[in-house]
K.L.:
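Please see the structure below; I have some questions.
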Amino acid sequence: MKTLIVHAHPEPKSLNSSLKDIAVSTLTAAGHEVQISDLYAMKWKAAVDAEDYGPDASIPLKVAADSGRAFDAGTLTPDVRAEQEKLLWADTIILQFPLWWYTMPAILKGWVDRVFTYRFAYGVGEHSDTKYGERFGEGTLAGRRALLSVTAGGPESHYTARGINGPIEDLLFPIQHGILYYPGIDVLPPFVLYGTDHTTDEDFPAIAQAWKQRLLTLESTEPIAFRRQNFGDYEIPSLWLKEGLEPAGRNGFGLHVRA
Ligand code: FAD
């Protein structure tokens with residue numbers, strides 16, 4: 001495997017950084033190639049602004065159009081181009097982050113905002129009355145697989161169907177479906193550690209062992225069965241799921257996962 005690890009934690013001695021280090025050592029020892037984007041260490045610029053498009057930026061700024069034009073012209077900033085090249089190099093992408101306010105830390109969202117540009121990650125393929133682009137199962141990053149490795153402070157019961165935070169698969173849907181699957185990446189079931197604010201040093205060996213086990217079985221893990229946009233499951237042009245395809249008892253985000 002060629003694995004890109006995108007890591008988002010400010011503290012090198014944190015649990016998240018330890019998980020990142022374990023991923024590097026485990027995958028490397030198993031003969032895989034690894035690249036890391038350690039966003040805090042890189043002092044990653046998280047906010048999209050006109051500086052991203054230099055003197056060619058339109059006035060008023062049009063982020064999608066400007067980013068697509070810069071992508072086509074090869075004039076995106078070197079930091080963004082380097083991350084796009086890493087994504088094209090990788091066959092496996094791991095996002096390592098703590099759950100902050102139900103989602104990824106802002107620096108990681110800012111990596112997505114700047115790197116997943118128009119014409120690279122969205123605005124790809126035919127857009128017409130009968131086709132809404134190549135996305136959700138197709139796209140620039142098709143053929144790749146991704147895994148979220150997430151730590152949550154709250155206990156697992158808070159993230160179940162009746163739990164106060166809602167099911168973890170719903171919280172992660174915007175990242176797994178809306179960001180990763182959108183440009184074509186298949187998404188593996190996440191590795192989630194719960195109750196990490198009460199994790200102790202004594203818990204760590206078992207956590208490390210479970211994480212290594214996941215890493216060493218990535219190649220044989222089946223992705224989440226998200227429905228593909230352009231292969232008959234959705235009405236055209238509304239992109240409504242066709243009547244009768246909803247699995248029994250499923251609603252909400254779960255409609256977009258095959259039974
Ligand atoms: P750390 O604090 O670095 O580590 C936790 C424990 O792991 C340590 O005390 C230590 O005992 C152990 N440990 C770490 N590394 C090692 C090692 N190498 N060897 C042995 N033991 C080790 N939680 C939610 O559930 N939902 C939310 O919406 C949410 N929002 C948040 C928003 C913010 C802004 C913040 C700051 C926190 C939020 N939290 C939330 C809690 C957050 O998810 C957890 O604090 C975080 O996931 C813990 O990960 P960490 O890497 O920061 O852990």
Side-chain angles (χ1 to χ4, degrees), residues 3-30 32 34-48 83 92-114 146-181 187-218 224 252-254:
T3 303
L4 170 63
I5 302 172
V6 185
H7 174 56
H9 200 291
E11 171 51 59
K13 292 198 168 74
S14 65
L15 177 59
N16 272 265
S17 296
S18 302
L19 296 172
K20 178 262 294 173
D21 293 341
I22 289 171
V24 174
S25 58
T26 303
L27 293 172
T28 307
H32 302 296
V34 178
Q35 291 198 63
I36 308 161
S37 293
D38 184 343
L39 299 182
Y40 281 95
M42 293 159 71
K43 300 198 183 306
W44 178 259
K45 172 183 180 284
V48 175
E83 296 306 302
T92 308
I93 298 138
I94 297 174
L95 304 187
Q96 177 68 58
F97 61 93
L99 197 68
W100 281 0
W101 292 112
Y102 278 34
T103 188
M104 53 171 72
I107 199 168
L108 180 53
K109 177 58 164 48
W111 177 84
V112 175
D113 288 349
R114 293 187 62 235
L147 171 77
L148 302 186
S149 174
V150 187
T151 63
E156 187 167 6
S157 62
H158 295 189
Y159 291 96
T160 56
R162 296 175 72 92
I164 190 159
N165 293 336
I168 192 72
E169 52 274 19
D170 280 8
L171 265 63
L172 299 182
F173 186 87
I175 304 173
Q176 298 192 139
H177 187 267
I179 293 172
L180 295 169
Y181 193 56
V187 182
L188 305 180
F191 180 77
V192 185
L193 294 176
Y194 298 96
T196 52
D197 285 335
H198 298 286
T199 295
T200 63
D201 292 3
E202 290 70 48
D203 298 326
F204 190 72
I207 289 171
Q209 190 52 37
W211 180 219
K212 283 181 199 168
Q213 192 62 29
R214 264 317 291 276
L215 290 162
L216 293 174
T217 53
L218 287 185
I224 300 168
F253 293 141

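Counting starts at 1 for both ligands and their atoms, following the listed order. Start at 1 with the first residue, then count along the sequence.
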K.L.:
With the side chain counted from C-beta on, respond yes when Val150 and Phe97 share a heavy-atom pair under 4.5 Å apart, and no when they do not.
P.N.:
yes

K.L.:
So do Leu180 and Leu148 actually touch side chain to side chain, heavy atoms under 4.5 Å?
P.N.:
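Result yes, sub-4.5 Å side-chain heavy-atom pair found.
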
K.L.:
Please report the shortest heavy-atom distance between Ile107 and Ala46, naming the atom on each side.
P.N.:
CA-CB, 4.1 Å

K.L.:
Testing Leu4, Thr26, Leu27 one by one against Val34 for a side chain to side chain contact (heavy atoms under 4.5 Å, CB included), which residue passes?
P.N.:
Leu27

K.L.:
Considering non-hydrogen atoms only, spot the tightest contact between Leu215 and Ala23 and give its length.
P.N.:
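Result for this residue pair: CD1-CA, 3.5 Å.
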
K.L.:
Residue by residue, ordered by chain and number, which ones reach under 4.0 Å of ligand 1 with a heavy atom?
P.N.:
His9, Ser14, Leu15, Asn16, Ser18, Pro98, Leu99, Trp100, Trp101, Tyr102, Thr151, Ala152, Gly153, Gly154, Tyr159, Thr196, Asp197, Thr199, Thr200, Asp201, Phe204

K.L.:
Taking atom types as modelled and ignoring hydrogens, do the side chains of Thr199 and Thr196 form a donor-acceptor contact shorter than 3.5 angstrom?
P.N.:
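Note: Thr199 and Thr196 side chains miss the donor-acceptor criterion.
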
